[in-house]
Each structure stands twice: as structure tokens, then as C-alpha cells.
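Numbered from 1 within each chain, the chains take letters A, B, ... in sequence-line order. Everything numeric here is computed off the predicted structure, so don't read it as measured data.
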2 protein chains.
Amino acid sequence: MATLSIPQPVPSPAEDAELLRKAFVGWGTDENTIISILAHRSAAQRCLIRQHYAQVYGEDLLKSLDKEISGDFERAVLLWTLDPAERDALLLNEAARKWHHSNNVIVEIACTRSSEELFAIRRAYHARYKRSLEEDVAAYTSGDFRKLLVPLSSAYRYEGAEVNMTLAKLEAKILHGKIAEKAYSHEEIIRILTTRSKAQVLATLNHYNNEFGNPINKDLKSDPKDEFLFTLRAVTRCMSTPEKYFEKVIRLAINKIGTDEGALTRVVTTRAEVDLKVIKEIYYKRNSVPLSRAISKDTSGDYEAMLLALVGRDDA
Amino acid sequence: MATLSIPQPVPSPAEDAELLRKAFVGWGTDENTIISILAHRSAAQRCLIRQHYAQVYGEDLLKSLDKEISGDFERAVLLWTLDPAERDALLLNEAARKWHHSNNVIVEIACTRSSEELFAIRRAYHARYKRSLEEDVAAYTSGDFRKLLVPLSSAYRYEGAEVNMTLAKLEAKILHGKIAEKAYSHEEIIRILTTRSKAQVLATLNHYNNEFGNPINKDLKSDPKDEFLFTLRAVTRCMSTPEKYFEKVIRLAINKIGTDEGALTRVVTTRAEVDLKVIKEIYYKRNSVPLSRAISKDTSGDYEAMLLALVGRDDA
């Protein structure tokens with residue numbers, strides 16, 4: 001359910017690398033070529049192009065891009081061109097270093113990637129930053145947020161579909177009890193949400209809804225201004241309905257006065273090869289405007305062209 | 001610095017599997033053959049023997065062993081024959097389920113294995129138990145111990161040799177301040193010990209010793225009966241002087257009235273292929289008795305023979 005479209009037959013990495021090089025060396029830069037190649041290749045293909053480019057031209061493709069383009073367009077092209085694990089490592093590093101309650105990137109990445117993907121990100125983090133992900137998350141956050149974000153970003157959840165219903169009932173009751181006491185950062189809430197498999201957490205949240213009459217996120221909204229509750233709600237939404245979560249991030253980014261390009265670029269580049277097609281469908285249902293049209297309205301130039309190449313123009 | 005000795009040339013996995021099968025099917029069991037083969041093959045070779053045995057005889061070698069042998073001998077042979085990551089997963093599962101303050105197995109495995117090894121253990125844990133390691137550690141422990149053991153067992157520490165001395169000084173001061181306040185389970189102590197690279201933790205502990213006049217473990221002994229302090233000391237010892245830590249585990253296991261076969265078997269089987277040679281040297285220096293002789297004195301029969309085959313008889 002990706003939106004990525006790849007031409008058939010796909011040119012060789014050597015041809016792609018050569019065309020990209022030509023797009024850089026001439027008078028000015030040929031942005032159309034950059035988009036028409038990179039925005040229509042899979043992660044594995046982009047990786048081969050980067051390898052080939054470095055071998056033949058003695059420079060990392062990302063470095064050449066960095067010299068040639070700038071602004072939101074550059075950010076979108078660089079994020080997209082990176083290997084997905086490297087890209088998430090970069091996003092997490094930025095989110096940790098500039099950490100703020102309102103920034104849910106750590107939650108988003110920790111809770112919407114698979115266990116193996118999250119581990120690949122931790123490995124890429126070592127290679128790039130010479131530190132561990134959890135080390136930075138722990139160093140830059142504090143208090144209740146640290147208690148939640150460190151185990152979330154160190155998790156290696158079991159991914160089987162098996163569910164223990166007795167346990168789900170027991171833990172739904174624990175969650176309800178602690179929420180009723182307003183003990184939102186209680187270690188049992190954190191333990192349940194950060195260590196159980198996603199299938200088990202979903203069973204627990206379903207039982208919570210059935211047994212106590214409210215979805216947990218309604219009960220986690222007792223104080224709409226509480227920033228820790230905002231983060232907890234993001235955790236349960238990223239685990240239970242990730243596509244709806246991403247639709248909302250895009251919607252808020254577009255509806256914001258001035259557009260939140262950071263969030264828009266992040267969601268488009270990280271989901272184009274995963275589930276952006278579903279996110280687009282949800283966006284259309286929720287907003288009665290196709291996502292591509294909304295993006296066109298809010299962005300311009302090469303940045304607009306890059307996003308639309310990733311999102312696809314075919315939505316009606 | 002392993003003690004494992006492997007014959008040259010080594011027989012093929014097919015030959016080994018056949019001889020093992022013969023050792024099982026005859027009248028009684030030929031324990032000498034089991035020892036002479038399995039105790040003298042590397043982890044990779046044992047894995048091939050298991051694969052070959054399963055293919056030809058339609059049964060897992062471990063299951064056949066389980067039917068034929070028993071007691072401490074069985075435990076030693078089974079633990080040894082397992083793949084190292086599977087073996088650690090099994091030890092951790094037992095330690096979590098029967099968790100008790102006095103049992104340092106979780107600390108020992110989390111702090112003496114490399115980051116990649118610890119991750120391989122977490123993967124093996126998924127496969128074998130259909131749950132995650134941190135899920136079980138969190139579910140079976142509580143209070144301060146949980147606060148420490150969950151991040152320890154989820155860690156993926158950076159493994160480079162780079163050390164930030166400014167940070168080491170800063171964090172030595174934090175550790176000293178919290179220890180002086182007797183805030184032993186303070187989140188900053190836990191953050192420093194569970195997220196920093198081993199090289200960084202060592203630099204911090206060295207600076208602590210230089211700056212404050214005591215090794216940290218001396219300051220962590222203010223109340224010798226405090227079980228959490230006992231666990232914290234194990235963390236720093238496993239990270240800074242793992243071979244000395246293991247020597248002490250063996251020494252206490254042997255000196256105990258009745259011998260602690262569980263601990264003795266665990267250390268011998270988990271270290272024979274890693275650093276048991278160094279541990280033996282330290283043991284001899286500390287006790288003036290070669291480890292093989294101490295083991296002979298305290299154990300008997302096939303169990304003794306298995307341990308001695310792994311430890312090596314050549315120490316004087």
C-alpha cells in the first residue's frame with residue numbers, strides 16, 4: 001500500500017547515477033531529473049545508485065545533492081534518498097536533541113516501525129552518531145517523559161499474533177485503575193504499553209473499551225492541556241491505528257497557518273514506500289480533498305513536485 | 001582465551017551424529033562418547049551436529065540427550081550443546097520466572113555479553129518463548145530492581161572505544177552525589193549505568209575512584225545486607241572486570257556447603273568458549289588451587305568428567 005511508482009523496466013544504477021551527475025554538473029541544477037529518478041526508485045534501488053555514484057564520482061550522492069539544492073526541497077530529497085533505517089536514526093537524533101513535549105517523533109518511530117526495523121534503526125544510530133539511541137533519548141529527556149520514551153525506543157516487542165485474553169483483561173483493569181487514580185505515569189502503565197506485543201496491547205485496549213465503556217484515549221483526555229497525556233495518546237494511536245495517526249499529522253501540518261513542512265516531509269518520505277496509499281484514502285475521507293490537491297495548494301516549486309511525485313497524482 | 005579444545009582434524013558432523021546415536025541406542029548410555037564429542041566441538045560445529053542429527057534421526061539431539069541422561073550431567077550437556085544465544089535466553093527465562101534478589105543472572109548476562117550478542121539473545125527469546133525478554137523481566141520483577149533490570153536487558157550499548165572525558169567527570173560527580181544521598185536507585189544512576197557504552201562507564205568509574213578516593217563499589221557497600229546495592233555492585237563488576245566477577249561466582253559456588261551446581265555449570269558452559277582460560281588463571285591466583293582440582297574435589301561421575309572436559313585438565 002505504498003504510493004511509490006517505479007518505471008518498468010527500471011534503468012540500471014549506472015545509468016541513474018550518470019544522469020544525476022549530469023543534472024549537477026551543468027549550468028544550474030536540473031531538479032526535474034533529480035525528482036524523476038530518485039522519487040521513482042525503491043529503497044534498495046536508491047542504495048545501489050548511491051553506491052554506484054560514490055564509486056564512480058568519489059563523492060556521496062547526498063553530499064552532491066546538498067551542494068546543489070536547498071530548503072524544503074533539499075530536506076525532502078535527502079530524507080527520501082537515505083536508507084529507511086538511517087533516515088529514522090537521523091529523525092530520532094534531531095527529535096532527541098531538540099526534544100520538546102509537543103514533538104511526537106520518538107513515539108511515532110518507536111511505535112509504528114516493526115521490531116526488526118526499530119533494531120535496524122538502533123544499529124544505524126550507532127554507526128552514524130557513535131552513541132546509542134536510548135543513550136540520547138535518556139540524556140535529553142527527563143521525568144515522566146524519560147520513563148516512557150527510553151523503554152519505548154529500546155523495545156524489541158514480540159511480533160506474533162498470539163494473544164493471552166486473561167492477561168489482556170487483567171492489564172486492562174490495571175490501566176483503568178491507574179487512570180482513574182490519575183496515576184498516568186505509573187510504572188505499570190508504562191510496563192504494559194512498552195513491553196507487550198502490539199497484538200497483546202490491542203487486545204488489552206479493546207477489552208478496556210468493552211469493559212469500561214470508553215476508549216482508553218477518551219479517559220486519557222481528562223486534561224486536554226496535559227502534555228504527558230498527549231504523548232500517551234500518541235502511543236496508543238501509533239500502535240492501534242497508525243494510518244489514522246499519520247493522516248492527522250499531515251492534516252495538522254497542512255491546516256496550520258504557514259504549513260508545518262517538517263512534519264509533512266517526514267510523513268511523506270517515511271510512509272511513501274509503506275502505507276501512504278491508505279493514509280491518502282483516510283485523508284480524502286476525512287477532508288473531502290485529495291491529499292495531492294491539498295499539498296499543491298500549500299507548497300510550491302520543486303518541493304511541491306517532489307512531494308507529489310512521492311504521493312502520486314492519481315487520487316481523485 | 002577459551003578453554004575449549006578441538007581435535008585436529010575434526011570429524012565430520014555426520015560421523016559425530018552417528019557416534020552419538022550409537023551412544024544412545026545400545027544397552028545403557030555411553031556417556032564417555034557424549035563427552036568426548038560434544039565437549040570438544042565449537043558452537044558452530046555443535047550446531048551442524050544438531051542439524052545433521054535431526055535430519056537423519058528425525059529427533060532433536062537435545063531431546064535424545066534428555067531421554068538418556070539426567071541430573072547435573074544432563075544440565076551441563078544440554079546447556080553446553082545449545083547455541084550460545086539460545087542458552088542465554090533459557091538462562092534468562094529461568095532467572096526471570098524464578099526471580100529473586102540474590103540471583104544475578106540477569107545482570108550477569110546483560111552486562112557481560114556484547115551488544116550484538118545481547119540482541120541475538122533477545123531474538124532467540126522471541127523464537128523460544130513467544131514473548132520478549134524485557135516483557136518477562138518487567139513482569140516478574142518490581143520496584144527498584146525492575147527500574148534497573150528492564151533497561152539493562154533492553155540495552156544496545158554503543159561499542160566504540162571513544163570516551164568523552166568531560167562527560168565522564170560530570171557523570172562521576174552525579175553518581176557520587178546520588179550515592180552520598182543514599183539515592184541508590186535514582187534515575188540518573190540507572191541512566192548512566194544502563195545506557196552509556198562500556199568504555200564510557202569505565203572512564204566514569206575510573207574518574208570516580210580518582211576524584212572521590214574510593215572505588216564506587218566500596219561506596220555501594222555502605223549497607224552490606226542491602227540487596228539492591230548487591231545488584232548494583234554486580235553491574236559495575238560485570239562491566240569493568242567480568243573475569244574477576246566470574247571467578248567469584250565459581251569460588252562461591254564451590255566453597256558453598258553442598259556446592260552450587262547451577263552457578264558452576266552456568267559459568268563453565270557459558271565461558272568455556274570465551275574467557276574461561278583467564279578466569280582459571282584468576283581462580284588459581286586467588287585460591288592457590290587449580291580450578292580443575294577444585295571441581296574434581298566437589299563433583300563426581302559424568303558431571304565431573306563433563307566439566308573437566310570443558311575446563312581442561314592442563315592447569316597446574
To the nearest 0.5 angstrom, please state how far the [atom1] atom of [X] sits from the [atom2] atom of [Y].
X	Y	atom1	atom2	value
A/Asn164	B/Lys130	CG	NZ	15.0 Å
B/Ser197	A/Glu135	OG	CD	6.5 Å
A/Tyr156	B/Phe119	OH	CZ	4.0 Å
B/Arg122	A/Ser115	CZ	OG	9.0 Å

* Asked: Hey, does the side chain of A/Glu134 reach the backbone of B/Ala155 with a donor-acceptor pair shorter than 3.5 angstrom?
  -> no
* Structure fact -> Closest heavy-atom pair, B/Ser132 versus A/Thr195, reported as atoms and distance to 0.1 Å, is OG-O, 3.7 Å
* Which bit of B/Glu187 comes within less than 4.5 Å of chain A, counting heavy atoms only: side chain, backbone, both or neither? -> both
* Asked: So what's closer than 4.5 Å to chain B heavy atoms on A/Glu116: side chain, backbone, both or neither?
  -> side chain
* **Segment of A/Arg123 engaging chain B (4.5 angstrom heavy-atom cut-off)** => both
* Tell me, do A/Arg131 and B/Arg196 make a side-chain contact under 4.5 Å, heavy atoms counted? -> yes
* To do: Take atom CE of B/Met165 as the centre, draw a 6.0 Å sphere, and report whether it contains more than 12 heavy atoms from other residues, nucleotides or ligands.
  => yes
